[in-house]
Amino acid sequence: MSRIVTPATLLPTQEQVTILSEQEKRLTVPTIVPPFSALRRVRDKISAFRTLAEIGAPQPPTVEVRDVADLGRVKNFPVFVKRSVGTASSGVRRASSPDEPSRPKISVSGPTK
């Protein structure tokens with residue numbers, strides 16, 4: 001008796017989405033991923049912040065920080081310092097003052113007035 005085999009479908013998560021979206025045309029199995037051009041606009045916190053700002057979506061006050069000196073633009077503390085890429089709260093730290101160290105290329109969300 002012959003068996004009917006149906007193709008599998010990939011449903012990637014996290015970082016796999018970016019890789020498979022970029023390489024989708026080379027894949028031989030159906031894959032559920034957004035177009036890479038769309039994904040590029042929201043793939044990290046900074047890109048997502050800029051995309052949402054473009055369309056006027058409400059967001060918490062945010063300051064893009066590239067080095068510790070940029071924390072000087074934040075007026076009210078505490079804030080949460082976040083890496084631009086991270087999942088499940090990895091790379092998230094609370095800063096109580098601009099003197100607390102942070103890592104480069106992160107975004108800061110919290111009160112800025």
Side-chain angles (χ1 to χ4, degrees):
M1 179 182 303
S2 65
R3 204 172 81 170
I4 298 175
V5 177
T6 57
T9 299
L10 293 177
L11 182 58
T13 60
Q14 309 296 349
E15 294 84 4
Q16 300 163 357
V17 173
T18 303
I19 295 165
L20 293 177
S21 177
E22 186 177 36
Q23 300 297 320
E24 186 177 23
K25 291 179 182 174
R26 297 176 59 196
L27 301 175
T28 58
V29 63
T31 307
I32 301 173
V33 293
F36 188 70
S37 60
L39 188 58
R40 183 180 302 147
R41 295 182 50 104
V42 295
R43 68 178 174 215
D44 60 63
K45 291 175 185 72
I46 293 172
S47 298
F49 171 76
R50 291 176 181 163
T51 298
L52 293 171
E54 253 180 55
I55 64 170
Q59 301 180 72
T62 301
V63 174
E64 188 175 325
V65 174
R66 298 226 175 250
D67 58 44
V68 175
D70 289 339
L71 283 174
R73 295 190 328 231
V74 177
K75 303 301 177 209
N76 291 325
F77 285 84
V79 297
F80 288 94
V81 179
K82 302 177 181 183
R83 290 186 197 148
S84 63
V85 177
T87 56
S89 297
S90 69
V92 176
R93 299 184 334 175
R94 186 176 187 271
S96 297
S97 75
D99 300 323
E100 289 187 28
S102 63
R103 295 193 169 135
K105 295 188 179 177
I106 53 178
S107 63
V108 175
S109 294
T112 58
K113 295 181 181 181

Atom [atom1] of [X] and atom [atom2] of [Y]: how far apart are they, to the nearest 0.5 Å?
X     : Y     : atom1 : atom2 : value
Ser84 : Lys45 : OG    : NZ    : 7.0 Å
Gln59 : Thr51 : CD    : OG1   : 9.0 Å
Asp44 : Lys82 : CG    : NZ    : 13.0 Å

**Asked** Can you name the closest pair of heavy atoms from Arg94 and Ser96 and give their distance?
**Response** NH1-OG, 3.2 Å
**Asked** Closest approach of Pro12 and Val17, non-hydrogen atoms and distance?
**Response**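 The answer is O-CG2, 3.4 Å.
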**Message:** If hydrophobic clusters are built from ILVMFWY residues whose side chains come within less than 4.5 Å, do Val63 and Phe49 share one?
**Reply:**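 No, no single cluster joins them.
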Atom pairs and distances, side-chain donor-acceptor, residues 18-25, under 3.5 Å, sequence neighbours left out:
from	atom 1	to	atom 2	distance (Å)
Ser21	OG	Pro34	O	2.6
Ser21	OG	Phe36	N	3.0
Gln23	OE1	Arg26	NH1	2.8

**Request:** Please identify each residue that fulfils side chain to side chain contact (heavy atoms under 4.5 Å, CB included) with Leu11, with sequence neighbours left out.
**Result:** Ile32
**Message:** For Glu64, is there any backbone N or O sitting under 3.5 Å from a side-chain donor or acceptor partner on Arg73?
**Reply:** yes
